[in-house]
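To start, the structure itself, in structure tokens.
Both ligands and their constituent atoms are indexed starting at 1 by order of listing.
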Amino acid sequence: MAQAPRILKTKVGIIGGGPAGLMLSHLLSKVGIENIVVEKNDHETIRNTHRAGILEAQAVTMLTESGVDGRVLTHGDEHAGIDLRFNGESHPLDFRELVDATVTLYAQNEVFVDLAAARSRDGGDVRFNCEVNEILDVETSTPKFRFTNAEGELFEVQADVIVGADGSRSFARRQMPDAVKQDFKVTYPFAWFGILTEAPKSAPELIYANSPHGFALISQRSETVQRMYFQCDPNENVDNWSEDRIWSELQKRVDGPDGFELKTGPIFDKTVLGFRSFVRQPLSHGRMFLIGDAGHTVPPTGAKGLNLAFAEVKVLFEALDSYFSTGSDKLLGGYSDLALKRVWKAQNFFYWMTSMLHTPVNADPFMAQRALGELDTVTSSRYGQQYLAESYTGWPHA
Ligand code: PHB
């Protein structure tokens with residue numbers, strides 16, 4: 001006979017304990033709204049998954065003002081701009097001067113570590129290593145999901161609301177019926193080859209480089225560890241790339257008459273990162289709501305995945321707070337439309353950045369020259385620079 005699940009009752013059942021799920025859980029607990037977070041992976045696996053590292057000022061404020069941790073201020077690196085490099089020349093954009101905003105370089109893994117520590121400090125109910133295998137009754141006022149823990153025990157979370165914060169391969173998203181959902185996607189014919197290296201910084205801020213050999217991004221992690229990427233074939237095998245080959249490929253892509261040279265060192269991580277744009281509409285069904293990568297994927301060119309997720313956490317948190325304090329589900333009903341507005345602005349920005357900076361795979365010379373014309377248009381006009389700076393540093397939260 002099938003095992004009877006142990007029942008856990010709560011107000012909000014959150015599937016997924018990455019930064020989005022944990023941030024929502026943290027905000028809800030602060031106003032006394034009970035919640036449970038169930039995460040498939042263990043803490044170490046998430047902590048060691050390398051992700052992008054740029055936080056909008058609004059994301060930093062969410063971490064510090066809500067009392068998660070101030071580590072982002074002491075360990076993060078505030079950046080007042082980026083460098084767009086093309087035709088072998090640098091074109092610095094000063095965000096502070098252009099739009100009075102900055103971003104902070106602080107790796108997403110650190111955000112996760114801080115949030116998990118804060119949930120544990122505040123007595124939050126976060127269960128790692130637990131796999132959700134069924135979501136039930138989301139079209140009723142008593143939605144539930146079932147999960148199995150590492151010991152194989154079965155549980156059922158009975159909640160008022162369920163949130164899918166379970167990342168780009170979201171189980172929650174897959175439970176939405178075909179009749180109510182629409183998916184939008186773009187695949188790109190390239191990927192990013194990402195490395196982590198023990199080397200000094202090559203530049204004080206990030207360099208986004210367009211070159212005839214393909215795109216490269218020179219990013220950082222600390223004074224002694226750097227993060228860099230170069231455009232590659234999606235089927236590229238990291239084992240075919242020696243350190244020498246990687247460094248000469250990266251250097252080729254930033255070469256120029258100014259003699260700019262990358263500072264090199266031992267490479268201790270090599271990964272090929274897939275590239276796609278995806279949006280699920282709507283971001284809710286009945287009493288289930290999707291946040292972050294569960295509802296959409298963005299290419300890493302704009303460094304925005306986590307920022308977009310946090311913007312949604314804020315909108316959904318306010319809607320849930322209003323629902324549990326007044327009984328009105330008006331804001332919950334508006335969640336999907338409001339969140340999607342920002343998602344589509346972000347999708348447009350990433351698509352634009354991606355096509356402007358990458359080398360077309362069919363090596364279409366017209367398109368390659370067109371992209372250079374676009375980079376020239378943007379960097380030679382204050383309006384163009386401001387457009388990029390405003391999008392990169394983040395539109396105001398709703
Ligand atoms: C990173 O540091 O990992 C990073 C920074 C900016 C991006 C993407 C990734 O656009």
Heavy-atom closest pair, residues Gly384 and Ser381: N-OG, 2.8 Å

His43/Phe112 aromatic ring centres below 6.0 Å: yes

Give every donor-acceptor pair under 3.5 Å between a side-chain atom in residues 345-352 and any protein atom, sequence neighbours left out.
from, atom 1, to, atom 2, distance (Å)
Gln347, NE2, Phe278, O, 3.2
Gln347, NE2, Thr297, O, 3.0
Trp352, NE1, Glu374, OE2, 2.7

Atom 3 (O) of ligand 1 [closest protein heavy-atom partner, distance rounded to 0.1 Å]: Tyr229 OH, 2.5 Å

Within-cut-off N or O pair, Thr301 and ligand 1, under 3.5 Å: yes

Candidates Arg280, Arg169, Arg51 - the one meeting salt bridge (Lys or Arg N to Asp or Glu O under 4.0 Å) with Asp293: Arg51

Closest approach of any protein heavy atom to atom 10 (O) of ligand 1, naming residue and atom: Tyr208 OH, 2.7 Å

Atoms of ligand 1 close to Leu206 [distance to a heavy atom under 4.0 angstrom, numbered from 1]: 5 (C), 6 (C)

For Gly53, atoms of ligand 1 separated by under 4.0 Å from a heavy atom: 1 (C), 2 (O), 3 (O), 4 (C)

Ligand 1 contact by Arg221, heavy-atom criterion under 4.0 angstrom: yes

Polar contact flag, side-chain donor to acceptor under 3.5 angstrom, Asp255-Gln251: yes

N or O contact, Pro300 vs ligand 1, cut-off under 3.5 Å: yes

Contact partition for Ser219 relative to ligand 1, non-hydrogen atoms under 4.0 Å: side chain

Pair Phe275 and His358, ring centroids less than 6.0 Å apart: yes

